[in-house]
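In the text below, chain A, chain B and the rest are named by the order of the sequence lines, each starting its count at 1.
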Number of protein chains: 2
Amino acid sequence: MTNIHHVAKEAGVSVATVSRVLNGQNSVTYKTKLKVEEAINKLNYEPSVLGRNLRNSESRILLILIPQISNPFYTEIIKGIEQTAISLHYNILLCETDSSPQRENIYFELVRNKMADGIISMDPAVNRETLLKLAEKHAIIQCSEYTPDSGIPYVTIDNEEAAYRAVNHLIQIGHRNIAMINSDETYLYAQQRRQGYQKALLKHDIPIRPEYVLHASELGFDNGQQAMKRILKLKDRPTAVFAVSDLLAIGALKEVNNQRLQVPEDMAIVGFDKIDFSNMTYPTLTTISQPMYKMGKIAASMLIDRIKGKQVESVILEHELVIRGSTAG
Amino acid sequence: MTNIHHVAKEAGVSVATVSRVLNGQNSVTYKTKLKVEEAINKLNYEPSVLGRNLRNSESRILLILIPQISNPFYTEIIKGIEQTAISLHYNILLCETDSSPQRENIYFELVRNKMADGIISMDPAVNRETLLKLAEKHAIIQCSEYTPDSGIPYVTIDNEEAAYRAVNHLIQIGHRNIAMINSDETYLYAQQRRQGYQKALLKHDIPIRPEYVLHASELGFDNGQQAMKRILKLKDRPTAVFAVSDLLAIGALKEVNNQRLQVPEDMAIVGFDKIDFSNMTYPTLTTISQPMYKMGKIAASMLIDRIKGKQVESVILEHELVIRGSTAG
DNA sequence: TATAAAATTGTAAACGATTACAATTGGCGG
DNA sequence: CCGCCAATTGTAATCGTTTACAATTTTATA
């Protein structure tokens with residue numbers, strides 16, 4: 001492997017000069033710059049990132065913590081992060097935590113010992129204490145899910161308001177028996193969306209029935225399907241369902257189809273996230289659109305600012321209710 | 001930041017001894033080992049991966065090259081890779097190439113200058129020349145898509161046979177006008193699947209009609225939907241379609257639904273990959289199941305073997321035709 | 001042309017680990 | 001108690017950069 005010393009010798013200059021050329025400093029004559037560049041080309045030299053990283057004590061790697069890589073909601077955000085990261089010469093290390101603390105620790109370790117410069121956490125099941133501790137010394141941004149009053153900057157949407165609008169829409173089109181498929185309510189977003197759900201009901205004097213709120217242990221098609229199975233067995237069968245994730249909603253939709261019931265006539269469904277699939281179902285899914293790509297881009301630039309020592313403010317982005325076939329006949 | 005010298009001083013030993021304890025060498029007395037570990041705990045020391053990497057000239061990072069992160073086919077493979085990588089203390093850097101050579105080059109560079117130890121490429125649009133050149137000096141495995149006779153080891157399935165079986169199934173259930181939605185035929189898998197398609201037709205003396213083979217520029221729902229639009233306008237309208245990706249098939253299915261035609265009565269559809277979503281459509285999608293997770297695991301262990309200098313053999317895995325609603329009434 | 005100031009270049013010390021090789025220690029037989 | 005050998009520990013070089021500071025060259029000015 002050819003290193004900076006070889007180049008220096010070849011060009012007849014010192015390593016410092018070569019380094020300066022490499023880093024585009026202008027304190028070097030045009031003539032020597034040419035000589036150095038010639039040597040670099042001749043020797044086919046590529047500076048070692050390893051050496052550079054050690055010296056600069058940075059890795060230019062960003063960690064992205066997500067619970068499940070298979071949820072398209074995350075993939076869209078990741079695209080946004082990627083776009084910004086690449087343009088600023090950072091690379092991203094994708095970390096699937098499976099919501100397991102051990103798994104998480106592996107990744108936290110990476111940051112602690114400088115293999116990564118910072119973290120964008122999207123894991124709602126994150127170990128908050130550890131994260132907080134880590135945030136004292138390292139750059140961390142939360143995306144989508146966050147920890148209020150923790151000082152960790154975040155990008156997210158107004159979950160309560162979004163849920164409120166979704167349920168409000170169901171009420172507007174005449175439903176009063178509205179079930180909710182929520183996820184684990186230890187997660188903030190789940191709490192907030194439940195708040196929104198209840199707020200909408202209360203607003204219209206619809207009594208809140210605890211048995212109408214189901215919980216999915218994970219965000220997958222199966223979980224949605226199972227939940228719908230239970231919903232269809234409830235007495236005073238709900239006529240509409242609000243699911244906190246498109247994946248759940250799609251699974252639920254499938255179950256309604258399976259039982260030869262009609263959507264939206266027998267059961268209206270609203271999802272959350274507006275993933276691409278949500279437009280491919282039959283009927284298409286009414287859902288809340290989150291600006292995933294934008295969220296990713298913002299999270300990434302916040303993180304990089306943070307790494308560079310700047311102060312950053314949390315951001316709450318807009319969302320939108322997209323009305324489609326599963327609620328509109 | 002506390003480093004190995006601090007630990008050495010604290011424990012009253014030399015840095016070499018600390019390093020030996022760190023790396024579990026047994027040439028160190030139990031007693032000193034204890035002293036060192038005590039010092040490590042006391043100082044809360046974490047060895048710097050940066051320093052270690054430089055010295056060992058490795059990064060313990062694997063690159064995964066995929067064209068689009070949003071295709072669930074890849075996410076499942078990635079899970080497999082991840083599983084193996086983590087257990088062997090490697091991390092994975094996910095690289096979305098968008099099938100763009102510039103983008104690709106960024107990642108190749110990472111390997112050239114030791115920021116990554118090897119590559120698993122799943123990009124069919126990869127620049128073969130560059131990849132071959134890179135493979136001379138670096139560990140590279142291809143997964144799913146490969147370059148025959150290049151010496152680059154790969155994991156894949158028998159695409160021709162799989163396509164053959166898919167189309168054969170359509171013929172078995174009575175179809176003779178069978179269209180194909182293929183992707184760019186510069187890709188090997190596309191060529192092979194087309195071969196399989198034609199082989200099945202020929203076998204049953206069905207003439208091959210070039211106008212029945214459409215091409216999607218990308219693997220997305222939209223592309224499938226567009227393709228189906230064109231298919232439905234063909235004279236001698238096909239009664240069945242074989243799509244080389246579930247995403248295309250699902251888009252196509254959507255279009256058939258949109259036009260109020262029945263699947264499979266008016267149009268039977270077979271997809272490829274068995275992504276989770278293929279079971280959520282209406283009707284569910286007949287498709288070819290690839291062992292994605294296993295493919296990922298194997299690719300990862302092949303790569304790591306390669307990095308360690310071992311010789312590895314290419315692997316062709318089994319596939320399976322999964323018959324579901326879109327072909328079986 | 002001499003001299004001060006500015007621009008360019010070079011020297012050598014980091015960064016934080018690993019590891020040949022050297023030095024020391026301890027155990028054991030005679 | 002001495003000498004030898006093995007086991008343990010230490011010293012210092014090394015990986016490939018960047019950069020403070022020193023040294024040199026160039027330029028500007030009188």
Determine the contact category for [X]: base if any of its heavy atoms lies under 4.0 Å from a base atom, sugar-phosphate if only primed atoms, P, OP1 or OP2 are that close, otherwise nothing.
X: B:S27; result: base
X: A:H5; result: base
X: B:S19; result: base
X: B:N53; result: nothing
X: A:V13; result: sugar-phosphate
X: A:L54; result: base
X: B:E58; result: nothing
X: B:Y45; result: sugar-phosphate

Choose from [options] the nucleotide whose nearest atom is closest to any side-chain atom of [X].
X: B:R55; options: D:dT18, D:dC15, D:dA12; answer: D:dC15
X: A:R52; options: C:dA17, D:dT18, C:dT9; answer: D:dT18
X: B:A16; options: D:dT18, C:dT19, C:dG10; answer: C:dT19
X: A:N3; options: D:dT9, C:dA17, D:dT17; answer: D:dT17

- Query: B:P153 versus B:E313: any side-chain heavy-atom pair under 4.5 Å?
  - Reply: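 Result no, sub-4.5 Å side-chain heavy-atom pair not found.
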
- Task: Check whether any side-chain heavy atom of B:Q142 sits under 4.5 Å from a side-chain heavy atom of B:L131, and report yes or no.
- Result: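 Yes. Closest side-chain heavy atoms under 4.5 Å.
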
- Message: Looking only at the side chains, is there a donor atom on one of A:S59 and A:N53 sitting less than 3.5 Å from an acceptor on the other?
- Response: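 Side chains of A:S59 and A:N53: no pair found under 3.5 Å.
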
- Would you please say whether a donor-acceptor pair under 3.5 Å links the side chains of A:D98 and A:S100?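 Absent: no donor and acceptor within the cut-off.
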
